[in-house]
Number of protein chains: 2
Amino acid sequence: MFFARREVPVKTQRLNIIREVLTQTPVTSQDELRRKLRRRGIHVTQATLSRDIHELQLLKGPRGYALPNGNGAATAGEEDDQPPSLKEMMDGFGLRAIQAMNQVVLKTVLGGAQPVAAALDLEGWPEIAGTIAGDDTVLIICTDTRQAGEVATRLRTILQG
Amino acid sequence: MFFARREVPVKTQRLNIIREVLTQTPVTSQDELRRKLRRRGIHVTQATLSRDIHELQLLKGPRGYALPNGNGAATAGEEDDQPPSLKEMMDGFGLRAIQAMNQVVLKTVLGGAQPVAAALDLEGWPEIAGTIAGDDTVLIICTDTRQAGEVATRLRTILQG
DNA sequence: ATGTAGATTGTATATTTATACAAGCGCGGT
DNA sequence: ACCGCGCTTGTATAAATATACAATCTACAT
C-alpha cells in the first residue's frame, strides 16, 4: 500500500468542494451532504461534516445549508467580530454629550455616529428608549428628563476616562 | 375557571418577542430561547419554538440563531405591489414601541426603520408631527405627551394583532 | 347550542447535529 | 530510531431539533 503525495491538505480540498456543492444543489442535512460528497469520491462521516460545517460557518435555514453572507471567500480567516465596546467607540469617535430635556445629543467625529449608536444599542442601557444616528450626531431618547441626565453624566465619564 | 379575552393571537405576539430577544442576546439553542422567554412570562415547549423558528425562517449559524437577511418580511407570498400597509410593515419589521415624553421610539429589525416610517407617514396620523428613521429605530414626534401615549398604544396593538 | 374545519400546542419520539474520547498520521527535535 | 506534539478523523453517544399524533381551542355556520 502506498499513499499519493499530499500536495494539498485533504481537509482544505474537501471544504472547497463542500462550498461548491452548496452553490449547486440544496442540502438539508449533513447526511445528505455526505452522500453527495461520496458521489464525488469523498468519503467521510457525518461527524467530520459537522466539524467542517462549523469551520465554514455555514448557516442552516429552512431551505438547508447556505454559505455565510457575501464574503464567503476568506477561508482560514479567523478574526472574531467582537461587538465593539462602547468605550472603544467613544474613545475613537465621541466628542461631547449635551442633555436636552429627555434627550441627549452626542456629538462625534464625522462618520462616527453610526458605530457609536450601534455600540450604545448593544449595551442596552435601561434608561435609553432608543437612538438615532446621523453622520456626526447621535440622538439618544430617554424615557424622561431625569434618565437623560443620568445618561449624559455617564457618557461624559466615559469620554474622560 | 375563565379565560382572558383573546384580543391577540398569542402566537404572533410570541413571534415578535422572539425576534426582539434575538436582537438583544445571542441564542444558541431552542431550549435556551425557551428559558429566556420564560423570564418574560412566555411559557412554551421546545417543540413550539422549533415550529416558530421555522416560520420565522431563522438561520442557525455558529453564533446561534439569527434573523433572516434584510428583507425578512417577504414570505413565500408572491404578490407584492400596492401601497405597503402599515400593518404589513409592522408585522414584518416592527419589534416594540416605547413612549418617551412626547415621543415614541419604535424599534425594528435592522433595515426596517425606513420602510416602517414611510408607511407611518403615509397614514397621516394627526397625533404625529413627524418621524425620523435610522437603521433599526424610528423616532416619532408627537405634539404632546398625551398624544404620544395614544400613538404608542395603537402601535402596540398593531404589533400584536 | 351543535357541528365542523382549521389552528395551535404538548407529548413522545424520530431525526439530525455536536462532541468526548481514542486512534492514526506527519513532522521536528533529540 | 524514538518521543512528543498538534492536527485530523471515526466511533459512540449526548444534545439539539423536527415531527407524528392527539388534545384543545377558535371561528364560523347551522
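The sequence lines fix the lettering, A, B, ..., with proteins before strands; numbering per chain opens at 1.
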For A:Gln114, side chain to side chain contact (heavy atoms under 4.5 Å, CB included) partners two or more places apart: A:Ala133, B:Asp135
State plainly whether the residues B:Glu150 and B:Arg154 are in salt-bridge range, i.e. N to O under 4.0 Å. yes
Without swapping roles, check the side chain of B:Gln99 against the backbone of B:Thr145 for a donor-acceptor pair under 3.5 Å. yes
Under the criterion side-chain hydrogen bond (donor to acceptor under 3.5 Å, both in side chains), I'd like the reasoning laid out for A:Glu127 against A:Trp125: C-alpha separation, chi angles, the key distance, then a yes or no. CA-CA 6 Å; A:Glu127 304 90 345; A:Trp125 294 9; over 6 Å; no
Would you kindly give the CG-to-C1' distance between B:Leu56 and C:dT8, to the nearest whole Å? 15 Å
Electrostatic pair A:Glu123:A:Lys87 at N-O distance under 4.0 angstrom: no
Protein-to-nucleotide contact annotation, 5' to 3' order, nucleotides 10-18 of chain C [B base; S sugar-phosphate only; - none; under 4.0 Å, heavy atom]: BB----SBB
N/O-N/O pairs, protein side and nucleotides 22-24 of chain C side, under 3.5 Å:
none

Tell me the interatomic distance from B:Leu33, atom CG, to D:dT17, atom C1', rounded to whole angstroms. 13 Å
For a side-chain hydrogen bond (donor to acceptor under 3.5 Å, both in side chains) check, start with the C-alpha distance between A:Thr131 and A:Asp121, then their side-chain angles and the critical distance, and finish with the verdict. CA-CA 7 Å; A:Thr131 66; A:Asp121 285 345; 3.0 Å; yes
B:Glu55 CD - D:dA18 C1' separation (whole Å): 15 Å
Does B:Glu55 pair with B:Arg51 as a salt bridge, N-O distance under 4.0 Å? no
